[in-house]
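Contents: one structure, followed by commentary.
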Amino acid sequence: MEMMASPITMVLERVRADPAVASGTFVTTVTDVVGFFSFLGIATLWFGLK
């Protein structure tokens, strides 16, 4: 994850955006994606789907 954080921070600084504020969007997206696929995985196991 550190390898992705540095380039994103540099790009945000280049376009004069505050990396601390803009990173909230990335954190929210990652959290949503992980939660969604966790839910699908649990549902698949629960209902025995393949």
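In this structure V34 satisfies the side-chain contact (heavy atoms from CB on, under 4.5 Å) test together with V30, S38, sequence neighbours excluded. A17 pairs by the side-chain contact (heavy atoms from CB on, under 4.5 Å) definition with L12, V15, not counting sequence neighbours. Under the rule for a side-chain contact (heavy atoms from CB on, under 4.5 Å), the partners of D18 that lie at least two apart in sequence or sit in another chain are A20, V21. With sequence neighbours left out, L45 forms a side-chain contact (heavy atoms from CB on, under 4.5 Å) with no residue at all.
In this structure, F39 belongs to a hydrophobic cluster whose other members, linked by side-chain heavy atoms under 4.5 Å apart, are V33, F36, F37, L40.
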